[in-house]
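Input: a single structure, listed below in structure tokens.
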Amino acid sequence: MSTPVVVAVAPGSAGERAGLLPGDEITRVDGLRPRDVIEWQYATDEADVELDLVRGGLELTMTVPKRAGEPLGVEVQSAVFDRVRTCDNHCEFCFIYQLPKGMRRSLYLKDDDYRLSFLYGNFTTLTRFTEADLERVITERLSPLHVSIHATDRDVRNRMLKNVRGGMSLRWLRALLDHGIEVRGQVVVCAGVNDGDVLDDTLAGVLDEYPELASVAVVPLGLSKFNNEPAMRLHTPAEAARVVDIDERWQATFLELLGRRMVFAADEYYLMTGRAFPSAEQYEGFPMHEDGIGMARTFELEFEGRAEAATGVRAGFFAAVDLPSNPAAYTGLRACGDHAATSTTVRLRSGRESTAVLTGEFGARVIEPLISRLGRTDVRVLPVLNEFFGGNTGVTGLMTGADLSRVLAAEPPGDRYLLPDVCLSDDGRFLDGVTVADLPRPVEVVGTDGISLRRALGEAT
Ligand code: SF4
């Protein structure tokens, strides 16, 4: 078990007044070893906290005089100090199995930890959830949690997770809902496995057994060119259309019976089928924006000046998985737009030189019509084909340095290039480890939302 290591101390904070320093390893808070930042937060929230720590090999004890509820003002290195709980499933659709070799070790971590679900919105299958976990979730009100459902039929869920406890573990979902924990569900749809009639049954099962769920995100599986599972394949257009049809039919049922739509198909399904995105109202406040649901519609609202603030950015498939080696300190729950404030933002210019907006293939299909409505001949959208991962990885968050380098090298040197921050980790690296400075053209990093893009283009906001 590791300990919280201080990486920054806020000036003027209780921690600074007491003399805490970056590098201090906190071994105990009021005599207890916190297992994660949740316990750390509770413990350091008390008045007059006593800390046991190791500094330069020496053991010290200090009392931090403070009021109850006053922040300690200390950032620590990671979110979990004991081991991140990993999953015991072997899903054929798992994207981690579809990664090329040689990427950062942390990207291969198959986490299935309810704490990361609470802190970062990671989905957990609950196959390793225990009675003690349930007790902690209830006692500490760790809500909302995010649960991968995939299928409510036990046998189908067993098969999809390749785990005999797969179906049975949904009893924990029932228990969480019974205790008033908010749960957001997800169904990863695999063509020929849990689409069609199985998806229909799953949504009927949600209505029958788990109607208290806050929402259910229906998303397509991600396939890379490194996939070795022959049963995993892309949807045909007809299969994708059926997913949208089933989703919309069940939305109407849920709306009638529960007063809310409950189930939402990912933006990718609307792009795959060429159908118009649902209206903003139909997304009911965009609760699943981070899961890729309603992003196109919010981007449009933001870009056209019809939203006062950005809804947030999708942190990218790996952002939370990448925690253990993330050098950025844990500073609390990440607020929307935090990344934009901390990324390697280059000074934005407002001139009318030729500007290219870099984005993934899916993003290009959303942004191009918006740019074209501006009537600006000096702005173009530059889609970046994802050759690094291949498959259906068209989302902007998976853009890599290698693909951006290839695209930028073929572009004129004097133009402006705008890069959405969603494809960068907090330390300014793409998933393949390349940094912004390694790219063959200078780029300006902007927030991944319509307001930031509009501002970067010098348009009135
Ligand atoms: S539960 Fe998640 S991490 Fe584990 S194998 Fe399945 S997809 Fe991969």
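We count ligands from 1, going down the list as the structure has it; atoms in each ligand are counted the same way. Every heavy atom of this structure was used, including side-chain atoms; hydrogens, water molecules and symmetry mates were not.
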Taking atom 4 (Fe) of ligand 1 as the reference point, report whether a protein heavy atom occurs under 4.0 Å from it.
yes
Is E140 salt-bridged to R115, going by a charged N under 4.0 Å from an acidic O?
no
Can you tell whether the side chains of R85 and D133 come within less than 4.0 Å, N to carboxylate O?
yes
Looking at D245 and R242, is there a salt bridge between them, counting it only when a charged N and a carboxylate O are closer than 4.0 Å?
no
Over-ring placement of R35 relative to F81, 6.0 Å and 45° cut-offs
no
By salt bridge (charged side-chain N to carboxylate O under 4.0 Å, His left out), which residues pair with R83, not counting sequence neighbours?
none
Could R406 and E387 be called an ion pair, given the rule that one side-chain N must be under 4.0 Å from one carboxylate O?
yes
Number of protein N/O/S atoms that sit closer than 2.8 Å to atom 4 (Fe) of ligand 1
1
